Every structure is written in C-alpha cells, then in structure tokens.
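A note on names: the letters A, B, ... follow the listed sequences, proteins ahead of strands, and every chain is numbered from 1. As the structure is a computational prediction, the values presented were derived from the model and not from experiment.
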Protein chains: 2
Amino acid sequence: MTQKLTIQDIANLAGVAKSTVSRYLNNGYVSKEKAMLIDKVIRETGYKSNFFAKRLKTKQSKLIGIVMPRLDSFSAGKLLTGFNIILQQMGYQALILISELNSQKELDNISQLIQQGVDGIIVDSININDNHLKLINQANIPIIFTGQSHDKVNFIKVDDINAGKLMGEYIASLNHQQVVFLGVSPQDNAVGVDRYKGFRQGFLANNPQGKISFVQTDCSLEQAYNSGDTVVSFEPSAVVCATDNIALGLLRYFHEKKIHVPQDISLAGFGGYPVGSISYPSLTSLAFDYKHLGIKTAEKLLSMLQNQPVTSEYDHNMNLIIRESTRLAKI
Amino acid sequence: MTQKLTIQDIANLAGVAKSTVSRYLNNGYVSKEKAMLIDKVIRETGYKSNFFAKRLKTKQSKLIGIVMPRLDSFSAGKLLTGFNIILQQMGYQALILISELNSQKELDNISQLIQQGVDGIIVDSININDNHLKLINQANIPIIFTGQSHDKVNFIKVDDINAGKLMGEYIASLNHQQVVFLGVSPQDNAVGVDRYKGFRQGFLANNPQGKISFVQTDCSLEQAYNSGDTVVSFEPSAVVCATDNIALGLLRYFHEKKIHVPQDISLAGFGGYPVGSISYPSLTSLAFDYKHLGIKTAEKLLSMLQNQPVTSEYDHNMNLIIRESTRLAKI
DNA sequence: CTGTTAGCGCTTTCAC
DNA sequence: GTGAAAGCGCTAACAG
C-alpha cells in the first residue's frame, strides 16, 4: 500500500517541472528526451492522475448520469448496453441510478446527478410531469428522456402508437373479429395508453365491425397468468398482450387449460423478447430494438452536449415478427 | 444558464466566511442565526456544492466501480439490483463498466476504475488470472470478485459445485440411468467446470452405475436448440442443462420433435429464471438468488472499505425448484 | 462559534 | 520547449 503519487512526484523523479509532466500527459509540446524520461518514470511507478483534481480544473466530468426504473428487465439491459457502446466510445462513463418505478425517486435521482456535476443525463422515465420541467430548467446540463414522451422535453422513444397500429393491422388482416387486448395501467402512457390506442386504430381501420375487449393486468408473468379466466370469458379468437412477458404468462395458462395456440386462439405480444422465439408455440411479436434505441439516445445526448440542435423523435425501428402463435381466424 | 455558484458566493451573499458555509454544509457548529441566513441563501440560489472539489479535498469518492461482463442478462440485472440496494443506502454510487465477456477488457476496466479514484470495486468476473492479482496488488483499494473464485482474491460467489451436486442427487433419486449434461466451455470455471463437476459427484454418489454424457454448447438459446440432435443421440432419459436458457432452447427442440417432457425425457436447468415457471412444461431448476448475492457482495465490499476482516465465501443460498419437467425414470 | 489561511492535485497562462 | 506561479472549489486546522 504505497502512498498515491502525484504529478509533482513524477516531475521530481524525472527531473522536470510538473507542468512539463502535465503537458506530456495532455499532448502538449515536450521534447523527445524529456518525454522519454517522463514516460519511463510513469511506467515504472504506475502513476495515475487524480481524477477529481483533473475534473475540478477542467470543469468536465466526462460522466453521464443515467436514471433507470429498474435494471432487471430485458429492455433495461438492452438499453444500457446501447448507451454504454456510445458513451465509452466517446470517453464518457455512466453513473447509473435506479428510480424503482417511482416518479419521485426519479426526480431525486435527477437532482442528485445534477449536483454531482455530470455532463448530461439520460432518463428512462416512468412519467414526465411538471416537476421534471422545473428541474430541467434549473439544470445547466442537457437531459434527454426515453421511455416516455412530453412536448416540453427532449426525448427519443419507441413509437408505441405505431407499434400498436402495425399489430392492429396484422390482427385485422387475419380476420379476427373478437379480440382481447391484455394491457397495463394507463399510468404508463407509453405501454398502457399508446400501444392500446395504436392497436385500436390499426385494427378498427381495417375491420370496423371487430370487437376489442380490454383487460388490465401488470407486467408480471404471474398476473398475466391470473388474467386468463377473464380473458377467455370474452371468447376471443385472438389475444394481443402489451408485452411479450404478459403473452408468455397467458400462454402458460392456455397450455394448462388445453386451449391450443394458435388453433383455438391466436396470441401476440410486444417487445421481441428472445424467449418468444423458443416458447411453444413461438410467439408472434412486434419487436423493438432497444439496444439500437439506447445507441441513438446516447448519441443524441452527446449532440446536445456539443450544443448541436436536436429534436425529439419517435423511433420507428421496429418490426413484426410473425411466428407460430397467430393464424387466420376460422370462418 | 447562470454561472454556477461557489461556496464563496454563498458566503458573500449571506455575509459570512466561506468556512462557515462549509461548516453549515458539513454539520459543524454554526449559530442558529447564521445557519438560517445561509440556509435562506442556499435555497434561493439553488446552490449545489462542487462534487469534484469536495472529492479532491476529502479523498473519498463515494463511488464504487462495478465491472460486469454484460448488462442484458437475467443474472446481471438481479446482481446489479442487489448491489444498488446496499450502495445507495450507504451513500455510494455505482460506476458501471462492461467487459463484454472479454478478460482483457475486464482488466482494462478495473485499471480505469482505479485510476478514476473509486473507493472500491466489484468485479463480476469471467476468469481470474495472474494479471488480476498484479492489478489488485498495486491498487490501494478493496476489490471483490463474484462470478468466479480464486484463492488469492476476495470473492463471494454462488457455490456452483454444491448446486451441481444437489441437482445430481435429485436426478439420481429419480432413477435416471442415462443422462446428458448439456454444459458450456470449461473456460468458464464456475458454470463450465464446477456445475458439471458437482453434478457428477452428486449423481454418481447415489447412482454409481449411471452414465453421464457431456455435450457442450454455449449460453444462447439458439445453440442449445441446435444441440438437440446430439443430445438425443445419446438416448438419455434425462437432460440437465448448465443454465435455464439452455434448457429452454432444448425444450423448444423437444417440442418440435414431439419428444414429450417429462414423459419421454426429463429436463432441468440451473438459474431459476422466471420464464422457467411459465414454460410448458414448467422447468425444474436449481435456482440462485442473484439479487441476494448482489446485496451480500456489496456489503462485503463495504466491510472491506472499513478495514474489517473479510473472508471469501461460497454462497449457499440456492434451492431446487421441482416443477413439471422432471419425473421418475421409467423402469 | 467564526474568519483566516493553507493546501488537495491538476491545468494553464505567462515569461524566459 | 520549459518552469514558475496562479488558481479550480472545497475542507480543515488554527487562532481568535
């Protein structure tokens, strides 16, 4: 446990001034001989410059704050992976805080990050409200949102309405008349409201007489499974679930009740989770590319950091993966 | 965009010395009147102390570095969730770097974190080698490993041998004679070697005549699915997979080949992934509590930070979840 | 209790 | 090219 070396120590050891060492470290002009001297000393001592002193002086933290609702979900993992690709490539590091799906905690996290002096913040939000706007205004750093949208903030998110629409059109094309949409609480505007809204639009535009019954559940496998009785009570020929997780939970219920998918009921979800490809039957899903979204989000934040003008956007990178769980309605 | 205020500005505004403001901020003795004055100014200005200046002075970063092989996996999400619970509770923040399952990158990440001046590091390692030891020795901060073990480092990890053993005993108790262990590369000591080793022990101890055939795959659903032909060529009455993901991939293969689980073949995995509970049939699995492990890991690091003596340990928090995919072998 | 003072380790003028 | 010197914003003695 040796005492940590400072730039002064290196300067002494190399017989130069510390400013020379600093220059060497920051690509300034240093003569070849001194450079070699310094290089040698640094290598021998394993000297590492003090992060905080450097940041204090340069006024750049090279730290990006990230607020996530949770870490243990498919989309969170992919999103973070995407963020990380860009951030580390550009020499930034991620400081990750968890909001635990709690809006107040999300705000607290943002505050804390601002205080810490991060250069910018990415928020995978649950819900954007007036408190967010206030906070953003008094912050002097760029903040970008994803997960939810709001016309007064910078955001980039999946186009849930469009996703719903594509799914609606597909289900309508299969001639289903009686369908159940197994969705989540409208508190989650993106998943709860938009996906459902888009689905109605897409479906009804192509099948005006079709009937859509809405059943509410949450994002857990268990609740989806438990919603089975209610779902079948509507005698649907197709069930569309707001997430693949929900669809998988319901699929399990169908298996147990010997309801055959897709012979008896067609089933589809949103998300494009990998397990959908190996479930039996495999699951038709409107897949999002969260990693790609993460990359774009980080890129946008970095643009903001360079004062480039950015506009909020809905990402259309999504595609319908048709698998075994859906088929034409029986006539 | 107002210029960021310093402690001196606050002091001027409140008509006191900056050290008084500092004391106020750090719970030092300040008279009631001055305290109120300062409080008022701080509130009005929204002053936030400079993170880096403070860290430079106090020599504590309150930052914990975390190196993960990847972020988009079930165990990673749970582990991080666990870390986070403890860290944020103790006023620490996580700086997360990704090694991308690459040992050299893992080392680079550790170096980088040391340089940044984090107070401690948690490494979810792929493989601990001599370079790690060198790095640890020249670092002046505590580093704890998980994921892999090594007798020269501090670690806490799942007891994979024991997990394998429990599974082996269970499969033996079901009277299976011909079993396939669908595992991964021995490069991953924990999952590739220990789980298999434990399984052999547990199984053969209770069924000395039993036959175990080893088939190698990787952790992906696809590869597991592709291993199907090889697996069935051994005509096993039970297949044990090194992870639930692998088991699920294989299950899909069985469905397609109309091989019934568990009637024709029993199937089990390791991990306790939630999808195992809703697959059809539901999957018997040796479940680990990764979140709990994350909590214990963070706690241990924090103990090290306070110079408390710690010992490496294998976590025994695991349990066999018996579901529908396994049953007694036919006689 | 409070103000003054001296740095933490680094970058960056500014002369030489 | 290089060194001396002046801080970045903060905390922590130290007198008073």
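- Every residue two or more places apart in sequence or in another chain was checked for a side-chain hydrogen bond (donor to acceptor under 3.5 Å, both in side chains) with B/Gln112, and none qualifies.
- Atom-to-atom, CZ of B/Phe52 to C1' of C/dT11 comes out at 16 Å; the value is rounded to the nearest Å.
- Between the CD atom of B/Gln8 and the C1' atom of D/dG7 there is a distance of 13 Å, given to the nearest Å.
- In this structure, A/Gln115 places its CD atom 11 Å from P of D/dC10, rounding to the nearest Å.
- Salt-bridge annotation for A/Asp39 and A/Arg43: present, with a side-chain N of the basic residue lying under 4.0 Å from a carboxylate O of the acidic one.
- Smallest separation of non-hydrogen atoms from B/Gly294 and B/Phe83: O-CD2, 3.2 Å.
- Note on residues 292-314 of chain B: pairs passing salt bridge (Lys or Arg N to Asp or Glu O under 4.0 Å), not counting sequence neighbours, are B/Lys296-B/Glu313, B/Lys296-B/Asp315, B/Lys300-B/Glu313.
- The nearest whole Å value for the distance from the CG atom in A/Leu56 to the C1' atom in C/dG7 is 12 Å.
- Rounded to 10 degrees, the angle separating the terminal axes of the helix from C/dC1-D/dG16 to C/dC16-D/dG1 is 40°, with each axis obtained from five end pairs.
- Proximity note for A/Tyr29 (side chain, C-beta onward) versus C/dG9, D/dG1, C/dG3: the nearest is D/dG1.
- Distance B/Arg55 CZ to C/dG7 P: 23 Å, rounded to the nearest Å.
- Of all non-hydrogen atoms in B/Asp188 and B/Val191, the two that sit nearest each other are OD1-N, 3.1 Å.
- Going from atom NZ of B/Lys48 over to atom P of D/dG9 covers 17 Å, rounded to whole Å.
- Residue pairs meeting the salt bridge (Lys or Arg N to Asp or Glu O under 4.0 Å) criterion with at least one partner in residues 102-111 of chain B, sequence neighbours excluded, are B/Glu100-B/Lys105.
- Separation of atoms CD (A/Gln187) and CD1 (A/Ile126) is listed at 10.0 Å; rounding is to 0.5 Å.
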message: How would you summarise protein contacts on nucleotides 11-16 of chain D per nucleotide, using B for base, S for sugar-phosphate only and - for none, with heavy-atom distances below 4.0 Å?
response: BBB---
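- The salt bridge (charged side-chain N to carboxylate O under 4.0 Å, His left out) test applied to B/Glu44 returns B/Lys40, not counting sequence neighbours.
- Separating the CD atom of B/Gln116 from the P atom of C/dC10 is a distance of 14 Å, rounded to the nearest angstrom.
- Considering only side-chain N and O atoms, A/Lys32 lies nowhere under 4.0 angstrom from the phosphate OP1 or OP2 of D/dG1.
- Taking atom CE of residue A/Met36 and atom C1' of nucleotide D/dG1, one finds them 17 Å apart after rounding to whole Å.
- Residue B/Thr6 has its side chain nearest to D/dC10 when only C/dC10, D/dC10, D/dT2 are considered.
- Between A/Lys34 and the phosphate of D/dG3, there is a side-chain N or O to OP1/OP2 separation shorter than 4.0 Å.
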query: Going through the distances and angles, do A/Thr81 and B/Ile98 end up as a side chain to side chain contact (heavy atoms under 4.5 Å, CB included)?
result: CA-CA 8 Å; A/Thr81 301; B/Ile98 316 297; over 6 Å; no
